[in-house]
Amino acid sequence: MEIMRLTITKLSLLLPVLLFLSISWRARATSVSVHENFIQCLLSHSQPSHPISPAIFTPQNSSFSSVLQAQIRNLRFNSTSTPKPFLIITALHESHIQAAIICARKHGLQMKIRSGGHDYEGLSYVSHVPFFVLDMFNLHSVDVDVETETAWVQTGATLGEVYYRISEKSKTHGFPAGVCPTVGVGGHIGGGGYGNMMRKYGLTVDNIVDAKLVDVSGRLLDRKSMGEDLFWAIRGGGGASFGVVLAYRIKLVRVPETVTVFQVRKTLEQNATEIVYRWQQVASKQLPDDLFVRLILDVVNGTKSGTKTVRASFLSLFLGDSNRLLSIMNESFPELGLAQSDCIETSWIRSVLFWTNFQIDDPLNILLNRTPPTLTFLKRKSDYVKQPIPKKGLEFIWKRMIELETPQMIFNPYGGKMAEIPSTATPFPHRAGNLWKIQYVTNWNEPGTDAANRYLNLTRKLYGYMTPFVSKNPRQAFFNYRDIDLGINHNGKASFEEAKAYGIKYFLGNFNRLVKIKTKVDPGNFFRNEQSIPVLPH
Ligand SMILES: Cc1cc2nc3c(=O)[nH]c(=O)nc-3n(C[C@H](O)[C@H](O)[C@H](O)COP(=O)(O)OP(=O)(O)OC[C@H]3O[C@@H](n4cnc5c(N)ncnc54)[C@H](O)[C@@H]3O)c2cc1C
Ligand SMILES: *[C@@H]1O[C@H](CO)[C@@H](O)[C@H](O)[C@H]1NC(C)=O
Ligand SMILES: *[C@@H]1O[C@H](CO)[C@@H](O)[C@H](O)[C@H]1NC(C)=O
Ligand SMILES: *[C@@H]1O[C@H](CO)[C@@H](O)[C@H](O)[C@H]1NC(C)=O
Ligand SMILES: *[C@@H]1O[C@H](CO)[C@@H](O)[C@H](O)[C@H]1NC(C)=O
Ligand SMILES: *[C@@H]1O[C@H](CO)[C@@H](O)[C@H](O)[C@H]1NC(C)=O
Ligand SMILES: *[C@@H]1O[C@H](CO)[C@@H](O)[C@H](O)[C@H]1NC(C)=O
């Protein structure tokens with residue numbers, strides 16, 4: 001009797017386990033065969049002149065992990081608990097992109113597209129459903145044509161490569177894109193893209209004249225064959241909702257042979273409050289379009305031991321020589337006290353080095369390096385400011401910053417060309433009426449979820465303290481500063497309202513047009529991720 005009861009109890013305990021084992025074994029077997037069928041499909045679509053097998057990596061291939069890790073730019077998503085793809089396709093030819101799309105649709109698989117891997121939330125290489133990565137890094141040609149002042153740039157190229165190839169051909173051309181040279185062209189241009197020439201030439205997407213895209217049917221389209229709606233969408237609406245962008249044709253811009261850069265730093269004890277207050281009045285309104293003065297705010301040790309202070313760093317690019325710069329600053333922004341000794345005259349391409357963590361006289365081919373010198377764990381958020389912050393407000397912010405110590409804030413002034421381009425010209429809507437954009441920057445080096453939660457918390461706290469000073473209803477955000485706190489579209493299957501939550505913050509009124517285009521070009525929602533454009537509910 002006793003034995004009997006024990007056996008039954010044991011059995012009833014074991015039964016669910018057995019059941020679970022058999023189900024999970026079957027699920028595994030199914031997914032293994034789906035994956036094998038998917039690979040078979042890829043191979044069968046492979047052109048003899050462009051075999052796809054050298055581009056296929058499964059976890060069984062010894063270099064799978066290094067290929068995956070090679071474009072991870074946020075260590076939060078390099079942990080053992082980060083979900084991994086079951087396969088990576090490192091496309092070597094456009095036919096590999098076409099095969100990936102056709103076969104993924106046939107087998108109902110989720111595809112992630114990765115170019116430079118700089119997505120702040122890792123959306124190009126992480127998913128919580130089974131997925132594979134279409135990795136574009138091999139497709140990185142940059143063909144510069146100085147005659148027409150344009151270049152065809154494949155999306156796997158980095159911004160550093162683009163700048164370097166332009167400078168090989170011309171000393172008087174540049175391109176208005178991001179500051180960090182390892183950022184990928186694919187995500188950067190698809191998501192908007194800005195840099196330190198934005199007041200003169202607008203965003204990266206304001207300087208695009210053509211594109212090549214593989215659509216949901218596997219067709220290779222250019223601007224003419226995709227039509228103006230789709231061409232509009234992939235200049236700021238995020239390529240990943242609409243197709244795989246293979247290349248953009250960019251319009252080069254003119255830069256003088258000599259530009260001037262400077263960085264001047266002031267702590268609270270050196271009148272930072274006064275100077276920041278004044279920066280708000282001039283940086284986006286009074287200064288000429290040729291002059292971009294970024295303001296970086298962080299917390300550093302004070303001169304007395306044990307004290308903290310806020311430091312304001314003014315980092316600048318001026319498209320001209322130092323004499324003209326000094327006279328402009330003397331007239332419009334004397335509070336900064338810019339001196340000739342602060343100014344460095346250099347070429348545009350070397351100004352790119354100055355603005356990153358390189359030395360201004362480093363060899364230029366350092367710009368071809370895809371891997372940043374250091375990687376950290378990170379979180380970013382963004383905001384837009386429409387009214388100068390009163391001095392009392394600044395003092396409140398300093399207090400909170402010192403209390404938290406992290407994050408830093410970067411203020412990027414708008415105005416100039418940014419205020420002239422209509423907010424409907426591209427999906428990026430934050431044009432006239434915005435004085436500057438805030439980027440919240442939190443980097444840390446301690447691994448683990450405790451540290452991550454602590455730093456995420458600090459970032460959200462400062463974002464909370466900034467509420468009175470930033471845009472409202474909705475609180476606007478920059479799409480390329482991906483921030484999952486704004487809303488999440490699980491596997492592209494969130495309700496329309498949930499997707500609208502982040503969509504309106506990133507795109508304001510342009511969200512509706514993006515949704516219409518999405519519904520037309522990808523009604524089955526194949527191209528999706530955690531913050532993609534949803535299809536219209538029927
Ligand atoms: C260190 C650093 C510095 C930065 N500096 C700037 C800056 O100065 N200015 C600025 O505007 N932004 C900046 N950013 C943000 C950056 O522009 C975005 O993260 C951008 O999306 C990165 O592009 P990527 O190709 O490297 O990223 P990925 O992670 O590869 O892609 C980002 C998104 O685009 C999609 N995507 C990528 N390639 C394609 C493609 N070929 N077709 C369709 N969809 C694609 C991905 O699926 C993903 O959703 C910076 C980011 C980092 C990490
Ligand atoms: C990965 O392994 C498979 C099976 O051994 C092989 O066919 C394929 O070519 C490998 N991929 C690469 C990129 O070497
Ligand atoms: C990413 O993780 C792998 C595996 O744990 C590790 O070997 C690698 O060094 C990590 N990358 C960085 C840049 O820390
Ligand atoms: C700060 O500004 C005041 C006047 O506004 C000036 O007298 C003082 O010298 C300044 N201090 C520094 C360190 O520049
Ligand atoms: C700041 O001060 C603390 C001690 O208060 C010290 O541990 C730290 O190294 C200092 N940081 C810098 C950058 O000097
Ligand atoms: C700055 O302007 C003042 C007058 O406003 C003038 O006296 C002075 O010479 C100027 N300095 C420079 C360096 O231009
Ligand atoms: C985050 O902040 C909240 C309150 O703002 C607090 O309750 C929570 O414990 C914090 N979490 C961490 C990991 O610091």
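In each ligand, atom 1 is the first atom listed, and ligand 1 is the first ligand listed. Heavy-atom basis, side chains included; hydrogens, waters and symmetry copies ignored. Index from 1, following the sequence. Everything quoted here is computed from the prediction, not taken from an experiment.
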Quick test: of every protein heavy atom, which one is nearest to [atom], and how far off is it to 0.1 Å?
{"atom": "atom 3 (C) of ligand 2", "answer": "N61 ND2, 3.7 Å"}
{"atom": "atom 11 (N) of ligand 3", "answer": "N78 ND2, 2.9 Å"}
{"atom": "atom 7 (O) of ligand 3", "answer": "Q69 OE1, 4.3 Å"}
{"atom": "atom 13 (C) of ligand 2", "answer": "P54 O, 3.2 Å"}
{"atom": "atom 14 (O) of ligand 3", "answer": "L75 CD2, 3.7 Å"}

_If the cut-off is 4.0 Å to any non-hydrogen atom of F57, which atoms of ligand 2 fall inside it?_
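Every atom of ligand 2 under 4.0 Å from some heavy atom of F57: 13 (C).
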
*Do any N or O atoms from the side chain of N529 and from the backbone of Q531 form a donor-acceptor pair under 3.5 angstrom?*
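Side chain of N529 to backbone of Q531, a donor-acceptor pair under 3.5 Å: yes, one is there.
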
*Would a 4.5 Å heavy-atom cut-off, applied to side chains only, mark I389 and F469 as touching?*
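I389 reaches F469 side chain to side chain.
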
*asked:* Quick one, Q280 and F411 - any side-chain contact, counting heavy atoms below 4.5 Å?
replied: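 SC-SC contact between Q280 and F411 ruled out.
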
*Answer with yes or no after comparing the ring centroid distance for F132 and F38 against a 6.0 Å cut-off, counting only values under it.*
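Ring centroids of F132 and F38 are less than 6.0 Å from each other.
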
*Which of the atoms in ligand 3, numbered in the order shown and given with their element, are less than 4.0 Å from a heavy-atom of L375?*
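Heavy-atom distances to L375 below 4.0 Å select 13 (C).
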
*asked:* At under 4.0 Å between heavy atoms, is it the side chain or the backbone of T90 that contacts ligand 2, or both, or neither?
replied: neither

*Hey, is S53 touching ligand 2 through its side chain, its backbone, both or neither, going by heavy atoms under 4.0 Å?*
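It is both backbone and side chain that touch ligand 2.
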
*Quick check: does A55 get an N/O under 3.5 Å from an N/O on ligand 2?*
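Looking only at distances, the answer is no, because the N/O contact criterion of under 3.5 Å is not met.
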
*asked:* Could you tell me if Q69 and Y125 have a donor-acceptor pair between their side chains, going purely by distance under 3.5 Å?
replied: no

*Give a yes or no on whether atom 5 (O) of ligand 3 lies under 4.0 Å from any heavy atom of the protein.*
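False for atom 5 (O) of ligand 3.
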
_So, regarding N301 and ligand 5 (criterion: nitrogen or oxygen to nitrogen or oxygen, under 3.5 Å), is there a contact or not?_
yes

*Where do V185 and S115 land on the side chain to side chain contact (heavy atoms under 4.5 Å, CB included) test, with the steps shown first?*
CA-CA 7 Å; V185 164; S115 287; over 6 Å; no

*Between K266 and E274, is there a salt bridge with N-O shorter than 4.0 Å?*
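Salt bridge flag = no for K266 with E274.
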
*Relative to W152, does K212 satisfy both conditions: NZ or CZ under 6.0 angstrom from the six-membered ring centre, and within 45 degrees of the ring's axis?*
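Positive - K212 is close enough to the ring of W152 and near enough to its axis.
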
